[in-house]
Amino acid sequence: MPTPDPRPKAADLLVWYDRHRRVLPWRALPGETPDPYRVWLSEVMLQQTTIAAVKPYFARFLERFPTLQALALAPEETVMSTWAGLGYYSRARNLHACAKAVAAAGGFPDDAKGLRRLPGIGAYTAGAIAAIAFDRQEAAVDGNVERVVTRLFAIETPLPAARPAIRALTQDLVPADRPGDFAQAVMDLGATICTVKRPACALCPWMAPCQARALGLQETFPRKVKKVPGVLRRGAAFVAIRGGDEAVLLRTRPAEGLLGAMAEPPTSEWTADYDPARALLDAPLDARWRRLPGIVHHGFTHFPLDLTVFLARVGLGTVAPEGMRFTPRRDLAEEPLPGVMKKVLAHAFDPKPEAPKAPRGRPKKPPAAAPLLDEPEPPEPEPAPRLRPVPKPLPRVIAATEPDDETSEAPPAHNAAPRKRSVAKRPASRKR
DNA sequence: AAAACGTGGCT
DNA sequence: TAGCCAAGTTT
């Protein structure tokens, strides 16, 4: 009785890969030699990040930093601002540090062990670069591979406890021949066939040896412990706009931690019990602060955040407080502003009303989102700066139930990153 | 070793 | 809609 060998064969996957491999900007075509710089750059960008999100950033980085040396020599802030919007900013800091180290060493280490020592390169990335760029027989275990392998072997242990076992099983599958293609093949398989929902088992080169498929349980793997959602935190953001060039008061966050080394308008502390009514005690400078209607909502990996935005127009002579700066609106693109802070600025320049209790009358289309941090194309005439004598009254809130019309028609500033709006506003029931 | 660390897209 | 997930790493 011929019992089918349950062991997946690398060769079967490679045959599939040769026909169905995806074409990606950082991937060498058959016959081409992979460029370690591109492989490394793409792998770091792809950590916890989708291909669609990475593509434009990858292109922009190669444009600005064509070589590893160029990246190593670039100012930190340029690297951070080019990365702004991609998320997980420690990656950008480590990327820069890694570039300097590798440039100084004269090139990348050509094995996983050496790569693993570099900043921002963990087990997955070291294996991926070693296999793809240096033809080493190493496994590259990412989320795709975890899914494929837990299904192949019907691993009941939930993630993350199953990781060591998954890694060992994967390493055993890596062929001596074409290990780089194998690594990319498993990921392609996971991304296009062995998907989270409704895997296309009928098209899978590894259907026969797949134990989960044999049980009809393929969609139930990998098992995982469900994570607890974080507690909502609240805070206030203070957007001070100086007359004339409409410069915005900004500061740089501490080098480490949440949004480390990124820029932001000053904000209060973010805590579960923050009271926006007392926010002015946290204002960065004395001015006529107005509390804008609406709330900026943002979701971090480990907690959701609600920010109340305060706006003030200050006089030309206003001096930025210690450690802060006024950045002209047209220069905002050079600032490493993370997504959440772009939302805050967008809200300050174009406030959205707080979501009323869903009036079921069909909601009117949201007003064409005033481009805020966008292309600078239309070089519109400078509006006469409305100077306001630098009054130094005690901070007070100007009852603001209405949007600040003075700010709503400000010129768009350039910004490289994709824009998004998730300011509290009625979720216009958009049915297609 | 558990928790921190962004953002956008899809269901 | 609210959660889940994406070519993970660091402390």
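These numbers were taken from a predicted model, which means no experiment stands behind them. We name chains A, B, ... by the order of the sequence lines, and we start the count at 1 in each one.
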Colleague: Less than 3.5 Å apart, which donor and acceptor atoms pair up between the side chains of residues 198-205 of chain A and the rest of the protein, not counting sequence neighbours?
Modeller:
none

Colleague: What is the distance from CZ of A:R91 to P of B:dC5, rounded to the nearest Å?
Modeller: 15 Å

Colleague: If I take atom CG in residue A:L258 and atom P in nucleotide B:dA4, what distance separates them, rounded to the nearest angstrom?
Modeller: 11 Å

Colleague: Would A:R19 and A:Y17 count as a cation-pi pair here, with the cationic atom under 6.0 angstrom from the ring centre and within 45° of the axis?
Modeller: no

Colleague: Using the test side chain to side chain contact (heavy atoms under 4.5 Å, CB included), find all partners of A:L169 that sit at least two apart in sequence or belong to another chain.
Modeller: A:V149, A:F153, A:I155

Colleague: Roughly, in whole Å, what's the span from CH2 in A:W83 to P in B:dG6?
Modeller: 12 Å

Colleague: Whole angstrom is fine here: how far is it from CZ in A:F303 over to C1' in C:dG3?
Modeller: 18 Å

Colleague: Rounded to whole angstrom, note down the P distance from C:dA7 over to B:dA3.
Modeller: 25 Å

Colleague: Under 4.0 Å between any heavy atoms, over every strand shown, what does A:L259 touch: base, sugar-phosphate, or nothing? Just pick one.
Modeller: sugar-phosphate

Colleague: Please list, chain by chain and in numerical order, all residues satisfying side chain to side chain contact (heavy atoms under 4.5 Å, CB included) with A:Q69, sequence neighbours excluded.
Modeller: A:T67

Colleague: Quick one: A:K342 NZ to B:dG6 P, roughly how many Å, whole number?
Modeller: 14 Å

Colleague: Between B:dC5 and C:dA6, how far apart are the C1' atoms? Round to whole Å, please.
Modeller: 14 Å

Colleague: Less than 6.0 Å separating the ring centroids of A:F300 and A:F303?
Modeller: yes

Colleague: Which pairs of donor and acceptor atoms, one on a side chain in residues 130-138 of chain A, lie under 3.5 Å apart (sequence neighbours left out)?
Modeller:
| residue | atom | partner | partner atom | Å |
| --- | --- | --- | --- | --- |
| A:R136 | NE | A:D110 | O | 2.8 |
| A:R136 | NH2 | A:D110 | O | 3.4 |
| A:R136 | NH2 | A:D110 | OD1 | 3.3 |
| A:R136 | NH2 | A:D110 | OD2 | 3.4 |
| A:Q137 | NE2 | A:V174 | O | 3.0 |

Colleague: Determine, for nucleotides 4-9 of chain C in 5'-to-3' order, which nucleotides have protein heavy atoms under 4.0 Å from the base (write B), from only the sugar-phosphate (write S), or from neither (write -).
Modeller: -SBBBS

Colleague: Would you kindly give the NE2-to-C1' distance between A:H302 and B:dA3, to the nearest whole Å?
Modeller: 8 Å

Colleague: Look at the side-chain N and O atoms of A:H298 and state whether any lies under 4.0 Å from the OP1 or OP2 oxygen of B:dT7.
Modeller: yes

Colleague: Nearest-Å distance, CG (A:L232) to P (C:dG3)?
Modeller: 12 Å

Colleague: Using the C1' atom on both, measure C:dT9 against B:dA1 and round to a whole Å.
Modeller: 14 Å

Colleague: Start at the 5' end of DNA chain B and walk down; is the nucleotide closest to A:P160 or to A:A53 reached first?
Modeller: A:P160

Colleague: Please list, chain by chain and in numerical order, all residues satisfying ring pair (Phe, Tyr, Trp, His ring centres under 6.0 Å) with A:W16, sequence neighbours excluded.
Modeller: A:H20

